[in-house]
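Just follow the structure's listing: the first ligand is 1, and inside any ligand the first atom is 1.
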Amino acid sequence: MSYSSQVSFTINGESRVLDVDNRTTLLDALREHLHLTGTKKGCDHGQCGACTVIIDGRRVNSCLTLAVMHEGDAITTIEGLGKPGDLHPMQAAFVKHDGFQCGYCTPGQICSSVAVLEEIKANIPSHVTADLTAATTVTEVEIRERMSGNLCRCGAYSNIVEAIVEAAGTRA
Ligand code: FES
Ligand code: FES
């Protein structure tokens with residue numbers, strides 16, 4: 001009986017094929033097999049958000065999902081959002097507003113915040129959305145609620161919120 005499988009997916013626009021133990025998390029596949037170490041392992045239990053990546057437009061904790069579950073998916077990691085000299089607007093806003101200290105949570109914060117703005121744009125309500133019939137707007141309260149799954153031990157929260165608000169404005 002085989003305990004490994006082949007999985008094909010697109011990572012940051014590039015097709016990749018991996019042979020992995022069926023129990024390999026997507027996080028370990030990214031870090032250990034593909035050497036994309038921008039995605040961080042904080043808790044490995046779905047509690048900190050450091051491992052957040054974007055899969056087909058939705059943010060996902062990559063420590064909580066198996067690589068073999070993502071056949072055919074399009075996955076974006078922090079490396080795929082932008083690069084030094086060609087930063088994604090959210091990355092640039094984090095730099096401008098000092099949205100980090102040690103930086104360990106930052107890739108997850110940035111992937112999550114990019115997807116948060118798409119969620120708001122798509123009118124997907126959150127727990128604090130008061131009027132479900134009105135268009136959802138980018139408010140500080142909405143951002144804090146939607147980013148609550150991304151913990152920052154350095155406590156850079158207020159600067160993170162400022163960065164996301166700015167990125168939302170410049171994107172419009
Ligand atoms: S490492 Fe995945 S949520 Fe903490
Ligand atoms: S910047 Fe250090 S944990 Fe967030």
- Considering all heavy atoms of both residues, which atom of E79 and which atom of T37 are nearest to each other, and what is their separation? OE2-N, 3.5 Å
- Note on the structure: Smallest heavy-atom separation, L81 atom then H88 atom, equals O-CB, 3.5 Å
- Go around atom 2 (Fe) of ligand 1 and count every protein N, O or S atom nearer than 2.8 Å. 2
- Rounded distance [0.5 Å steps], CD1 in I55 versus OG in S62: 7.5 Å
- Test item: side-chain donor near acceptor, R59 and S112, under 3.5 Å: yes
- Query: Under 2.8 Å from atom 4 (Fe) of ligand 2, which protein atoms of type N, O or S occur, listed by chain and number?
  - Reply: C105 SG, C152 SG
- Item | CG on L34 to CG on L18, rounded to 0.5 Å | 4.5 Å
- Item | Any donor-acceptor N or O pair under 3.5 Å, side chains T129, E142 | yes
- Item | Contact summary for L151 and Q109, nearest pair of heavy atoms | O-NE2, 3.5 Å
- For the pair D86 and K83, find out whether any cationic side-chain nitrogen is under 4.0 Å from an anionic carboxylate oxygen. no
- Query: Which atom names give the shortest non-hydrogen contact between T77 and I11, and what distance separates them?
  - Reply: CG2-CG2, 4.5 Å
